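Following: one structure in structure tokens, then a few remarks.
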Amino acid sequence: MNSTLSQKIHSQSLVWDAHACFPLNPNSDLSELKRYRDSGVNFVSLNIGMDMDPFENVIQVLACFRKYIAAHPDDLVLALAVDDVIGAKTSGKLAVAFDLEGSDPLRGDLNLISFYYDLGVRQMLLAYNKDNRASGGCMEGHIGLTDFGKQVIREMNRVGMVVDVTHMGYRATMEAFDVSEQPVIFSHSNPKALRNNARNITDEQIKACAKTGGVIAINGIGDFLGGTTSEIMVQHIEYVMDLVGPEHIGIGLDYVVDKQELIDYIEGHPDVFPPDKMNDYLAFVEPEQLMEITDLLCKNGHSEQVISGILGENFLRVAKQVWK
């Protein structure tokens, strides 16, 4: 199916996956990162913890991931600066940074933002689905940003960490766009107009995010897309492109490598993951489909510049502006 032109575009583009999930335990094996590299991905952000995870576990996972990357210098690069990402592309390696799904791992301490940043965390969302001390979540949303949440955003701006409003409540996202002085992203969120899911986002949120100079990355979970074919993924990309322009679109597959770990996690948090939706959460667009997605965008008549932007250059632009 892949044309020579789409293969050329994919290989020459800097491909950026804004969010991926490996087992959140201190003994995780990251060997499956090879799948990303083999799929032409040049940068991936790995989740190291969520609001529900104990602080100690977040730190241990971060230490584990950093140790694994350091032990595989021929294949992996810890991305602490934009030059690390560009250098990884040039040398055929995979650049890796980290993200937090929720600000509870800060323990209410703003000083931990720079601590996490120094260790490789380059983006953080303020709340994961449920309301917390910083922000409303998309599954509750009884509050917007708290005073602490506003302080978190300002500190993130100061240290160079990208503000991510995925899984936050509507009101909180709109307030975050106003507070942040840097581009804001949705690292893995889909348009609600195509799939009416509580975790998807409205046209108004998409437009407001784009006005900050940010990027909306399309999520690959089947329940949020309405399926897991590359064609459906591209439909979501095209929808956002028509709404705000191609310079504000990216990819955040939210792919979970270990399905059993996900099942265990879902069963352990029924308030966040309804048990009757188990099968929906286990269906994903996989990294190996990225080449097919490039081919479909090419067949839809998009230019090499537009496709390269969607694949990663748009996120690289944000990183150049925000990371320090």
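Values in this document were obtained by computation on a predicted structure and should not be read as measured data.
Residues D75 and K34 form no side-chain contact, since every pair of their non-hydrogen atoms from C-beta on lies 4.5 Å or further apart. Using a 4.5 Å heavy-atom threshold, the side chains of D99 and N47 count as touching. The closest side-chain heavy-atom distance from P191 to V240 is below 4.5 Å. In this structure the side chain of L46 reaches within 4.5 angstrom of the side chain of L30, judged on heavy atoms. Contact annotation: the side chain of R317 approaches that of V215 to within less than 4.5 Å [non-hydrogen atoms, C-beta and beyond]. When side chains are defined from C-beta on, V152 counts as touching M124, because their heavy atoms get closer than 4.5 Å. Using a 4.5 Å cut-off on side-chain heavy atoms (C-beta onward), N132 and F148 make no contact. Using a 4.5 Å heavy-atom threshold, the side chains of E155 and R158 count as touching.
Linking ILVMFWY side-chain heavy atoms closer than 4.5 Å, directly or via other members, places V77 and L119 in two distinct hydrophobic clusters. Taking hydrophobic clusters as Ile, Leu, Val, Met, Phe, Trp and Tyr residues chained together by side-chain heavy-atom distances below 4.5 Å, L24 shares a cluster with F22. Linking Ile, Leu, Val, Met, Phe, Trp and Tyr residues whenever their side-chain heavy atoms come within less than 4.5 Å places L14 and L94 in a single cluster. Residue V257 is grouped with residue I221 when hydrophobic side chains (ILVMFWY) are merged at heavy-atom distances under 4.5 angstrom, including chains of intermediate members.
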field: side-chain contact (heavy atoms from CB on, under 4.5 Å) between K130 and M52, intermediate numbers included
entry: CA-CA 10 Å; K130 297 299 190 74; M52 307 89 76; over 6 Å; no
Stepwise side-chain contact (heavy atoms from CB on, under 4.5 Å) check, L80 with W323: CA-CA 8 Å; L80 297 178; W323 294 9; over 6 Å; no
- prompt: Run the side-chain contact (heavy atoms from CB on, under 4.5 Å) check on I310 and M241 step by step: do they pass?
  reply: CA-CA 9 Å; I310 294 168; M241 190 185 315; 3.5 Å; yes
Working for side-chain contact (heavy atoms from CB on, under 4.5 Å), residues E304 and K8: CA-CA 9 Å; E304 181 173 349; K8 171 178 173 287; 3.5 Å; yes
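In terms of heavy atoms, V165 sits closest to A176 at CG1-CB, 3.8 Å. Contact record, I143 with D131: N-OD2, 3.8 Å, taken as the closest heavy-atom pair. Among all heavy-atom pairs drawn from L297 and E238, the shortest one is CD2-OE2, 4.1 Å. Between G227 and I232, the closest heavy-atom pair is CA-CD1, 3.6 Å. Nearest heavy atoms, Q123 versus S187: NE2-CB, 3.4 Å. V163 and I153 make their closest contact through CG2-CG2, 4.1 Å (heavy atoms, listed as atom of the first residue, atom of the second, distance).
Residue L311 holds its CG atom at 13.0 Å from CH2 of W16, rounded to the nearest 0.5 Å. In this structure, the separation between CD1 on I86 and CG on N42 is 11.0 Å, given to the nearest 0.5 Å. Atom CD1 in I201 sits 7.5 Å away from atom CG in N190 (nearest 0.5 Å). In this structure, CD1 in I9 is found 7.0 Å from OG in S3, a value given to the nearest 0.5 Å. To the nearest 0.5 angstrom, S39 atom OG is 12.0 Å from E292 atom CD. If you take CG on D164 and OG1 on T173, they are separated by 11.5 Å, rounding to the nearest 0.5 Å.
At distances below 3.5 Å, at least one donor-acceptor pair connects side-chain atoms of T212 with backbone N or O atoms of V184. Side chain of T294 to main chain of L290: a donor-acceptor pair is present (N/O by atom type, distance under 3.5 Å, no hydrogens or angles). Between the N25 side chain and the V61 main chain, no donor and acceptor come within less than 3.5 Å of each other. Checked by atom type and distance alone, the side chain of K89 pairs as donor or acceptor with a backbone atom of S13 at under 3.5 Å. Of the possible polar contacts, none joining the D118 side chain to the F115 backbone as a donor-acceptor pair under 3.5 Å is found. Side-chain atoms of Y116 come within 3.5 Å of backbone N or O of P105 as a donor-acceptor pair. Judged by distance alone, with hydrogens and angles left aside, the side-chain atoms of H236 form a donor-acceptor pair with the main-chain N or O of L225 at under 3.5 Å.
Other residues, nucleotides and ligands place no more than 12 heavy atoms under 6.0 Å from the CD atom of E181. Atom CD of E288 is surrounded by more than 12 heavy atoms from other residues, nucleotides or ligands within 6.0 Å. Within 6.0 Å of the NZ atom in K259, the count of heavy atoms belonging to other residues, nucleotides or ligands exceeds 12.
Under the 4.0 Å criterion applied to side-chain N and carboxylate O atoms, K211 and E204 are not assigned as salt-bridge partners. Between K150 and E175 there is no salt bridge, since no side-chain N of the basic residue sits under 4.0 Å from a carboxylate O of the acidic one.
Geometrically, R122 does not engage F98 in a cation-pi contact, judged by NZ or CZ lying under 6.0 Å from the ring centre and within 45° of the ring axis.
Looking only at atom types and distance, the side chain of D264 has a donor-acceptor partner in the side chain of Q260 under 3.5 Å away. If you check the side chains of H19 and E101, you find a donor sitting under 3.5 Å from an acceptor. Side-chain atoms of E313 and S308 form no donor-acceptor pair, as typed in the model, at a separation below 3.5 Å.
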